[in-house]
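The block underneath contains the structure these notes are about, expressed in structure tokens.
Convention: sequence-line order gives letters A, B, ...; per-chain numbering from 1.
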Protein chains: 2
Amino acid sequence: MSDDRTITIDDVAKLAGVSRATAGRVVGNYGSVSEKSRERVWDAVRQLDYQPNLIARGLRSQTTKTIAVIVGSIRNTYSTALVYAVEKEAQKKGYNVLICTTHEDIEKELKHLKDLNSRKVDGVILMSAYRADANMDKKYKEFYISKLPIVFVDRSIPGINRDVIQSENFDASYKATKYLMDMGHRKIGIIATSNFSTVQERIKGYKAAFANAGIEYDESLIASVDELSDKMSRKVCHEFLEEHPDITALYILNNSLCSGVLLDLKERQMKIPQDISLLVWDDEEYNELLDITTIEQPITEIGKQATRRLFELIGEPEETTDFECKKLDPELIIRKSCTLPKYRK
Amino acid sequence: MSDDRTITIDDVAKLAGVSRATAGRVVGNYGSVSEKSRERVWDAVRQLDYQPNLIARGLRSQTTKTIAVIVGSIRNTYSTALVYAVEKEAQKKGYNVLICTTHEDIEKELKHLKDLNSRKVDGVILMSAYRADANMDKKYKEFYISKLPIVFVDRSIPGINRDVIQSENFDASYKATKYLMDMGHRKIGIIATSNFSTVQERIKGYKAAFANAGIEYDESLIASVDELSDKMSRKVCHEFLEEHPDITALYILNNSLCSGVLLDLKERQMKIPQDISLLVWDDEEYNELLDITTIEQPITEIGKQATRRLFELIGEPEETTDFECKKLDPELIIRKSCTLPKYRK
DNA sequence: TTGAAAGCGCTAACAC
DNA sequence: GTGTTAGCGCTTTCAA
């Protein structure tokens with residue numbers, strides 16, 4: 001149509017016969033303008049099909065109306081449910097959401113954090129890739145406590161005093177283990193992921209259940225899968241069961257390990273629950289179909305509360321000294337994958 | 001530490017004892033500077049922990065080193081695999097990826113496109129929510145052919161002459177249908193999603209297979225699920241099978257419909273493939289476990305090629321008049337969910 | 001309620 | 001190789 005130059009607020013102002021400032025006030029919806037000016041400006045906007053340049057606005061106003069959510073992977077129903085909840089909540093406030101993935105690599109996480117800071121996002125929801133056994137570089141640590149508002153979700157970092165919203169992992173794990181023990185299971189094999197804070201808490205709950213029942217547990221009954229792929233979890237499961245054929249129940253600490261485990265069980269022609277009981281963290285679309293007993297985390301609620309908290313932080317000009325650590329209760333959904341151990345029957 | 005003011009390139013320049021321009025050249029890695037200056041600037045950067053302001057850089061350079069990928073949902077293995085492939089490719093070029101979801105709502109798609117334009121992303125990978133039966137507002141249409149580089153993926157919009165990378169849906173659907181027909185199936189029920197271009201092509205392939213065999217097909221054997229949820233696909237499947245108890249094979253055009261269908265089949269205690277055959281588009285983690293025969297699309301390759309093409313478009317200053325429409329071949333993965341129809345045995 | 005002017009932090013153009 | 005200057009498009013004083 002007209003010429004190719006990008007249309008700016010000045011063009012709008014000129015056409016509307018007002019100053020740039022007034023046009024800006026109308027489009028940006030701030031300050032006060034007369035009804036008449038407002039109309040004329042909107043008319044001009046429509047006529048020119050003016051699109052405000054958010055980059056320029058961001059530079060000037062020092063706020064981008066964007067938050068970020070950092071998760072390990074986008075190919076995981078749990079993370080994905082979190083992202084979904086965050087987006088939903090953010091949309092209500094008119095914020096955009098930037099999704100970042102770490103592939104559970106803490107270096108990538110820090111890179112993202114740095115980049116997001118440079119991009120001037122207003123805040124971050126962080127499901128950290130930090131592992132309990134990692135040594136946290138001092139410089140990194142400083143980063144987590146910078147001025148950028150952050151709400152931790154699911155996983156926390158010891159020594160970093162910032163808001164955390166997560167599941168009550170210890171209790172839920174205690175109850176789940178007790179549920180299996182009450183059925184008579186003693187050889188309960190754990191298949192875990194890397195050493196995230198959540199995993200630690202769940203293992204503590206497991207151990208506490210044993211301790212409380214006055215039964216010794218076998219430290220070798222804990223297997224770890226470092227790479228979250230079907231192939232890897234299948235392999236780990238395979239070796240684990242080879243080494244410990246006396247295991248009567250499998251307690252899987254992460255849904256993304258489940259299909260690999262099931263594939264190995266299928267190969268061995270082991271039936272669930274006749275040959276082995278199965279209990280899994282996080283509900284999956286297929287868990288209902290396969291009748292798998294599950295610990296379901298309130299991830300939608302976690303995402304919602306985390307986002308709300310983040311907006312509180314963004315709202316406050318000064319950094320607040322006090323922080324919350326909220327724990328929400330998961331729910332044990334009993335289906336049909338757990339029964340008495342074989343030898344008991 | 002020092003005072004709270006944000007650190008800019010001017011601070012770095014001052015500390016390094018060079019001009020702002022030189023400092024900028026070092027940090028932004030452009031132009032030429034002496035080794036000596038370079039060192040001094042980097043020293044200053046480290047000392048001050050300077051983080052460049054990407055907003056300012058974007059405003060000035062008119063490029064954000066960011067592309068966006070728009071998909072229907074983030075809770076779908078197919079979309080998610082696409083996003084993954086795009087991210088991987090973008091990372092190589094040092095680009096960031098903004099993930100946007102439309103929930104298959106064309107209005108949301110346009111809103112995103114507008115916003116991304118305002119945000120000055122450098123380009124967009126678009127899995128459009130456009131449905132064949134929608135009437136495309138002229139103004140919308142103009143948007144798709146704007147200056148913003150876009151590469152369509154998976155789904156195309158008729159009349160929009162831009163690059164498209166997608167599966168060869170017609171052929172693959174033809175082959176899959178023929179595979180079932182060769183087994184003796186005549187009552188093949190389709191469970192489809194909304195009327196996306198891909199769905200249309202797949203149905204055409206299905207019809208062609210019938211036509212080619214000189215067999216009439218029954219138009220009522222096509223069911224549509226408008227809302228992609230387990231609950232909904234389960235319900236549609238239920239009513240569909242009630243109405244057509246003579247169906248011997250189910251041909252599901254989208255993986256996210258599958259678990260709902262399986263749930264209904266389970267409720268009816270119908271065994272696969274003894275009671276009914278099943279063939280599904282898109283591979284899922286659980287398809288291998290459940291031995292479901294699948295049409296696997298080369299989504300990773302699609303994402304890769306689309307991203308590369310997008311970078312080509314971004315590279316070229318003028319809008320190219322010619323566009324590509326590339327079609328990649330899906331693969332039929334034969335497992336055990338299809339067999340002879342019951343009456344044949 | 002409005003307009004003029006300043007300036008957010010950076011890079012590009014141009015001179016030296 | 002380096003510095004000076006202008007200005008990306010907007011919002012925000014400040015004064016009228």
Picking from D/dC10, C/dG9, C/dA12, which would you name as closest to the side chain of B/Y30? C/dA12

Can you identify which nucleotide, out of C/dG9, C/dG3, D/dG3, has its nearest atom closest to the A/V18 side chain? C/dG3

Nucleotide nearest A/S61 when distance is taken to its side chain, options D/dT4, D/dT11, C/dC10: D/dT11

From CG of A/N117 over to P of C/dG9, roughly how many Å is that when rounded to an integer? 13 Å

Among D/dA6, C/dT1, D/dG9, the nucleotide that comes nearest once only the side chain of B/R20 is considered: D/dA6

Does A/R155 use its side chain to pair, donor to acceptor, with the backbone of A/S128 at less than 3.5 Å? yes

Under 4.0 Å, heavy atoms only, any strand: does B/T8 hit a base, just the sugar-phosphate, or nothing? sugar-phosphate

Any N or O donor-acceptor pair under 3.5 Å from the base of D/dG3 to the side chain of B/R25? yes

Find the distance A/D10:CG to C/dG3:P and express it as a whole number of Å. 13 Å

Check the distance between D/dT11's P and B/L59's CG and give it to me in whole angstrom. 12 Å

Does D/dG1 have OP1 or OP2 sitting under 4.0 Å from an N or O in the side chain of B/S32? yes

Does the A/D122 side chain pair with the main chain of A/K65, one donor and one acceptor, at a distance under 3.5 Å? yes

When you match A/P52 and B/A21 each to their closest nucleotide on DNA chain D, which lands nearer the 5' end? B/A21

Whole-Å distance separating the CD1 atom of A/I55 from the C1' atom of C/dT11: 14 Å

Test: B/R40 and B/D43 ion pair at under 4.0 Å: no

Side-chain donor/acceptor of B/R38 to base of D/dG1, under 3.5 Å: no

OG of A/S37 to CD of A/E39: how many Å apart, nearest 0.5 Å? 9.5 Å

What integer distance in Å separates B/N29:CG from C/dA12:C1'? 16 Å

When the distance from CZ of B/R57 to C1' of C/dC8 is rounded to whole Å, what number comes out? 16 Å

Counting only side-chain heavy atoms from C-beta out, which of C/dC10, D/dC10, C/dT2 sits nearest to A/N53? D/dC10

Report the distance from atom CD1 of A/I9 to atom C1' of C/dC8, rounded to the nearest whole Å. 17 Å

Less than 4.0 angstrom between a side-chain N/O of B/S19 and OP1 or OP2 of D/dT4, yes or no? no

Rounded to whole Å, how long is the line connecting atom CG of B/D11 with atom P of C/dG9? 9 Å

Which is more 5' along DNA chain D, the nucleotide nearest B/R60 or the one nearest B/S34? Just name the residue. B/S34

To the nearest 0.5 Å, tell me how far B/Q62 CD sits from A/T6 OG1. 6.5 Å

Check the phosphate of C/dT11 against B/Q62, side-chain N and O only, distance under 4.0 Å to OP1 or OP2. Yes or no? no

Quick check against the 3.5 Å criterion: does B/T307 have a side-chain atom that pairs as donor or acceptor with the backbone of B/A90? no

